[in-house]
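What follows is a single structure, written as structure tokens, with notes after it.
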Amino acid sequence: MFHVEQNIFNMKQVIGNLVDIHSRSIYPAKIKIENGIIVAIDRVEGKKFDTYIIPGFVDSHVHIESSMLTPQEFSKLVVPRGTVAIVTDPHEIANVTGVNGILAMVKNSATALCKMFFTIPSCVPATSLDGSGAVVGSSDVEILAKSGNFVALSEVMDLFAVINGDKEMLLKLQSAKRNGLKIDGHAPLCSGENLKKYVLAGVSTDHECVNLEEASEKISAGMKIQIRYGSAVNNYNDLKELIKLYPESVMFCTDDSHPDMLLRLGHIDKLVRQAVKDGYDIFDVLKAASLNPINHYNLSVGTLRVSEQADFQVVKSLKTFKTIQTFVAGKCVYSADEYTLDNNEESVVNISLNKFKRSAILPDEIKNPLSPGEYKAIQIVPNQLITDHYNFTIHDHNDNFESDIDSDLLKLVYINRYNEDSKPQIAYVRGFGFKKGAIASTVAHDSHNILAVGTNDKDLLKAINKLVEYKGGLVSCCDGKVTLLPLPIGGIMSDRSGLYVDKIFTTLKRKVKNYGSVLNDPFMTLSFLSLIVIPKIKLGEQGLFDFETFSFFNIQDRS
């Protein structure tokens with residue numbers, strides 16, 4: 001059915017219409033594979049095939065931990081989508097457990113079905129103002145860079161450390177250059193002289209662009225742009241014209257994706273499918289999905305040429321891109337008529353990494369009295385990581401301001417989980433749409449402390465303390481009734497199968513939808529409200545944080 005033959009000499013043959021992105025042509029062909037290498041590609045004259053052989057997809061930037069799965073379990077969800085390789089930044093687990101977490105991810109990836117290329121976290125913690133569980137210093141970066149196990153220095157999100165010539169940051173950048181590693185960027189809305197300094201420091205990519213003008217300026221400065229479509233952020237529509245304008249400078253990535261998106265909407269294939277539907281040249285689209293990241297990061301991934309590794313996929317259509325087979329290093333790791341995902345409710349991996357010291361909180365700790373006056377809150381921007389400012393007014397003294405449901409203004413709580421008696425930070429956020437209940441999470445970029453948002457303190461308290469009890473996870477709570485997805489690995493990943501995690505997570509999302517949520521993925525949105533290196537306003541270790549001044553402030557200071 002799938003046009004695969006294997007002869008007595010252990011040579012595989014795959015036939016179909018070959019989509020050659022190098023010659024920009026499509027023709028019937030027979031591919032011969034031996035010991036994982038393509039040894040011949042022969043045209044088959046006079047034949048018509050009903051399948052297409054296309055390059056395997058490469059995710060140019062993803063945090064596996066954001067799927068809440070281990071590398072092995074993550075790979076099981078993406079190979080059915082034609083993904084043969086990913087470039088992954090393990091800075092989520094690094095913020096919790098440091099270098100030990102990075103090495104544990106690399107070790108587990110050895111059992112993955114697709115190829116996994118790791119980058120070295122550059123900002124752990126994201127800034128000196130964050131409260132993380134670990135530090136990855138310049139000496140750690142140097143050791144990891146010398147190991148030969150990494151392809152890049154991960155997204156340099158402390159923009160101001162680069163621009164101001166911070167010594168520790170410069171040492172990390174020098175280690176990357178000295179060892180031949182690419183340097184990834186993270187510079188939302190950066191332009192002008194600051195951008196020039198950033199690129200001059202060696203930064204070569206960015207996945208945080210929010211509009212075409214910003215992306216074009218960065219490409220002109222010498223950067224490659226990664227068009228992102230993840231669970232919380234979809235920049236495709238804003239940036240898609242780059243595929244036509246700058247086909248050599250564009251890559252696709254997902255950055256952060258939950259299991260439900262991977263299972264239902266897809267991985268890189270969803271970007272490819274949409275771009276082709278929108279009329280972009282199929283060869284330019286496939287280059288963004290495969291060749292461009294392979295060339296940029298110098299990945300050992302084949303691109304359907306003789307003498308390269310046999311990393312490709314077979315699809316039924318160049319419109320739907322529904323994968324029939326996926327080959328990685330010549331091995332068929334996915335076949336549509338044989339592949340079955342595990343639905344294992346028992347632990348599927350033995351990784352015991354975590355750091356959690358915070359004890360249960362008391363009701364008084366999240367009480368927040370407000371006097372009459374003007375206050376500042378966080379305004380969510382749908383489908384974006386950037387946020388905006390929102391001003392609200394308190395007319396009468398309130399001994400404990402919990403929420404204003406009519407104005408969609410909810411209490412937001414941040415708690416450092418690495419200290420036993422850390423003081424909760426309280427602020428307010430607009431844009432969740434909840435009419436009841438609360439949610440809480442220890443997936444909170446990038447330091448992964450406790451974040452919770454809700455309509456009332458009773459549900460907030462119970463949700464937070466459930467996380468404390470289990471040392472990490474996702475929780476929804478309404479009228480005292482709790483639903484929990486435990487995340488025992490670092491408080492950010494499950495030790496269960498992808499289908500099991502999806503089952504519980506889908507239940508959580510359904511319950512939160514009943515709270516009145518107006519967001520596609522409220523848990524993913526919540527997780528970024530403490531990421532202070534993203535404009536414009538976030539909640540962090542010392543309260544609300546203003547990105548433009550790069551400083552903390554009281555909610556009444558700048559209303």
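We use all heavy atoms of the structure for the numbers below, so side chains are in, but hydrogens, waters and symmetry mates are not.
A cation-pi arrangement is present between Lys270 and Tyr229, with the terminal nitrogen or guanidinium carbon under 6.0 Å from the aromatic centre and inside a 45° cone about the axis.
Residue Phe57 forms a side-chain contact (heavy atoms from CB on, under 4.5 Å) with just one option from Ile86, Leu286, Val78, Val84, and that option is Leu286.
Checked by atom type, the side-chain pair Tyr428/Asn368 shows a donor-acceptor distance below 3.5 Å. Asp89 and Ser154 share a side-chain donor-acceptor pair at under 3.5 Å. Side chains of His22 and Thr303: a donor on one and an acceptor on the other come within 3.5 Å. No side-chain donor from either of Gln274 and Lys240 sits under 3.5 Å from a side-chain acceptor of the other. The closest side-chain donor-acceptor pair between Ser407 and Asp404 falls under 3.5 angstrom.
The aromatic ring centres of Phe117 and Phe150 sit 6.0 Å or more apart.
The structure places CG of Asp255 at 7.0 Å from CG of Leu385, a figure rounded to the nearest 0.5 Å. The OG1 atom of Thr97 sits 7.0 Å away from the NZ atom of Lys355 when rounded to the nearest 0.5 Å. The line from CE of Met68 to NE2 of His258 is 4.0 Å long, rounded to the nearest 0.5 Å. Distance CG/Leu153 to OG/Ser204: 10.0 Å, rounded to 0.5 Å.
Between Asp269 and Arg273 there is a salt bridge, since a side-chain N of the basic residue sits under 4.0 Å from a carboxylate O of the acidic one. Taking a cutoff of 4.0 Å between a charged side-chain nitrogen and a carboxylate oxygen, Glu193 and Lys197 do not qualify as a salt bridge. Ion pairing of Asp408 with Arg430 is absent here, as no side-chain N (NZ or NE/NH1/NH2) approaches a carboxylate O to less than 4.0 Å.
A donor-acceptor pair is defined here as one N or O able to donate and one able to accept, closer than 3.5 Å; such a pair exists between the side chain of Asn95 and the backbone of Asp446. Checked by atom type and distance alone, the side chain of Ser403 pairs as donor or acceptor with a backbone atom of Thr455 at under 3.5 Å.
Ring geometry for Tyr375 against Phe392 counts as parallel: the plane angle stays under 30°, on a 0 to 90° scale with 60° as the upper cut. Using cut-offs of 30° and 60° on the angle between ring planes, the pair His207 and His186 is perpendicular. A tilted orientation is assigned to the rings of Phe160 and Phe547, their planes being inclined by 30° to 60°.
Around CD of Glu213, the count of heavy atoms belonging to other residues, nucleotides or ligands within 6.0 Å does not exceed 12.
Under the salt bridge (Lys or Arg N to Asp or Glu O under 4.0 Å) criterion, Asp238 pairs with no residue at all, not counting sequence neighbours. Listed by chain and number, the residues in a salt bridge (Lys or Arg N to Asp or Glu O under 4.0 Å) with Asp256 amount to none (sequence neighbours excluded).
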